[in-house]
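Inspection log for the structure reproduced underneath, given as structure tokens.
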Amino acid sequence: MEKREELFSGKAKSVYTTDDKDLMIMLFRNDTSAFDGKKIEQLDRKGMVNNKFNAHIMEKLEAAGIPTHHEKLLNDQESLVKRLDMIAVECVVRNIAAGSICRRLGVEEGIDLNPPTFEFFLKNDDLGDPMINEFHIKSFGWAEAEHVEKMKELTFKVNDVLKALFLEGNILLVDYKLEFGLYKGELILGDEFTPDGCRLWDIDTREKLDKDRFRQDLGNVVESYELVGKRLGLSFD
Ligand code: TMP
Ligand code: ASP
């Protein structure tokens, strides 16, 4: 499958049309961004590592019965995906407090959230991705009520599958963000699942192995992503 026109270029990925109107090619670039695009750097190998990482996770989710846009890995930095009508809302589940919830609610990083908590954010960098609730989504028509329910259901289902998967590699899934879209009327998981959009801590040392290494200038960003991948059985050579 060949790339045709660039449809959209985000902070870390670009998507291209193909000869099939229902399929797109997603290119994982080396660009790494944080703080709504205020901090951007190129990190060697990151596109390749994230592309392979994402394909592995999406395949595991599909196998667990969660519909995703992922079709197949094409090469080091590209994957073939279904073309979705994206819903501009981000779904976040948190198993452990970290990041914005600590700042917003004044809670200590590292406390267990039992049950895990769920938050919606509006996908809008200019507004700094504000937190929103279900009423906002319905009042402004950002998604249908049934799709709101389905996004919550699938996001929690992903939690069950991935918490267990990462645990096998001695890694805690602290939190993560998912984006959904519609494909021929069906709500399915889109975007990506990589260490760019979740928090992953070593179970013993609680060392951060995700994009917080970039946000907090901790170094070894891509090396940590690779370490997680290797613990899941992936090879990046
Ligand atoms: P937060 O702590 O910044 O609210 O983020 C929670 C999790 O969701 C964290 O793993 C990062 C991810 N996330 C993104 O990747 N992009 C986003 O725009 C948002 C709001 C969260
Ligand atoms: N949406 C945020 C960003 O701009 C998430 C993050 O800080 O990674 O990149």
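Read the numbers this way: they start at 1 and go in the same order the structure lists the ligands and their atoms.
- Taking only nitrogen or oxygen atoms, main chain and side chain alike, Tyr176 does not reach within less than 3.5 Å of ligand 1.
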- Task: Under the side-chain hydrogen bond (donor to acceptor under 3.5 Å, both in side chains) rule, what do Asn54 and Thr194 come out as? Steps first, then yes or no, please.
- Result: CA-CA 5 Å; Asn54 175 66; Thr194 69; over 6 Å; no

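- Proximity of Glu179 to ligand 1 is not established, as no heavy-atom distance is less than 4.0 Å.
- Polar contact check, Asp129 against ligand 1: a nitrogen or oxygen pair lies under 3.5 Å apart.
- The shortest N or O to N or O distance between Arg94 and ligand 1 is under 3.5 Å.
- Aromatic ring pairs are classed by plane angle as parallel below 30°, tilted from 30° to 60° and perpendicular above 60°; the pair Phe156 and Phe118 is tilted.
- Remark: the Asp129 side chain and the Asn124 side chain contain no N/O donor-acceptor pair separated by less than 3.5 Å.
- Considering Arg104, Met131, Arg199 only, the shortest heavy-atom separation from atom 6 (C) of ligand 1 involves Arg199.
- Lys39 forms a cation-pi arrangement with Phe214, by the criterion of a distance under 6.0 Å to the ring centre and an angle within 45° of the ring axis.
- Proximity of Lys11 to ligand 1, defined as any heavy-atom pair under 4.0 Å, is not found for any part of the residue.
- The part of Glu90 lying near ligand 1 is the side chain, judged by heavy-atom distances below 4.0 Å.
- Between Lys11 and the choices Asp196, Asp125, Asp191, the salt bridge (charged side-chain N to carboxylate O under 4.0 Å, His left out) rule is met once, by Asp125.
- Residue Cys198 approaches ligand 1 through these ligand atoms, each under 4.0 Å from one of its heavy atoms: 10 (O).
- Remark: ligand 1 atoms within the under-4.0 Å shell around heavy atoms of Arg215 are 11 (C).
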- Message: Before you tell me yes or no, could you show the steps for His147 and Leu182 under side chain to side chain contact (heavy atoms under 4.5 Å, CB included), namely the whole-Å CA-CA distance, both residues' side-chain angles and the distance that decides it to 0.1 Å?
- Response: CA-CA 9 Å; His147 295 145; Leu182 298 176; 3.7 Å; yes

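- In this structure, Tyr176 contributes its side chain and Thr155 its backbone to a donor-acceptor pair below 3.5 Å.
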- Task: Step by step, work out the side-chain hydrogen bond (donor to acceptor under 3.5 Å, both in side chains) result for Gln42 and Asp31.
- Result: CA-CA 4 Å; Gln42 291 269 320; Asp31 298 288; 2.5 Å; yes

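- Of the heavy atoms in Glu119, none comes closer than 4.0 Å to ligand 1.
- Applying the 4.0 Å criterion to heavy atoms of Phe121 picks out, from ligand 1, the atoms 4 (O), 20 (C).
- With respect to Lys138 and Glu144, no salt bridge is recorded, no charged nitrogen being found less than 4.0 Å from a carboxylate O.
- Of the heavy atoms in Asp196, only backbone atoms (N, CA, C, O) come closer than 4.0 Å to ligand 1.
- The option from Val174, Asp175, Thr194, Val93 that lies nearest to atom 10 (O) of ligand 1, judged by heavy atoms, is Asp175.
- Taking only non-hydrogen atoms, the option from Gly99, Pro195, Gly197, Ser100 nearest to atom 1 (P) of ligand 1 is Ser100.
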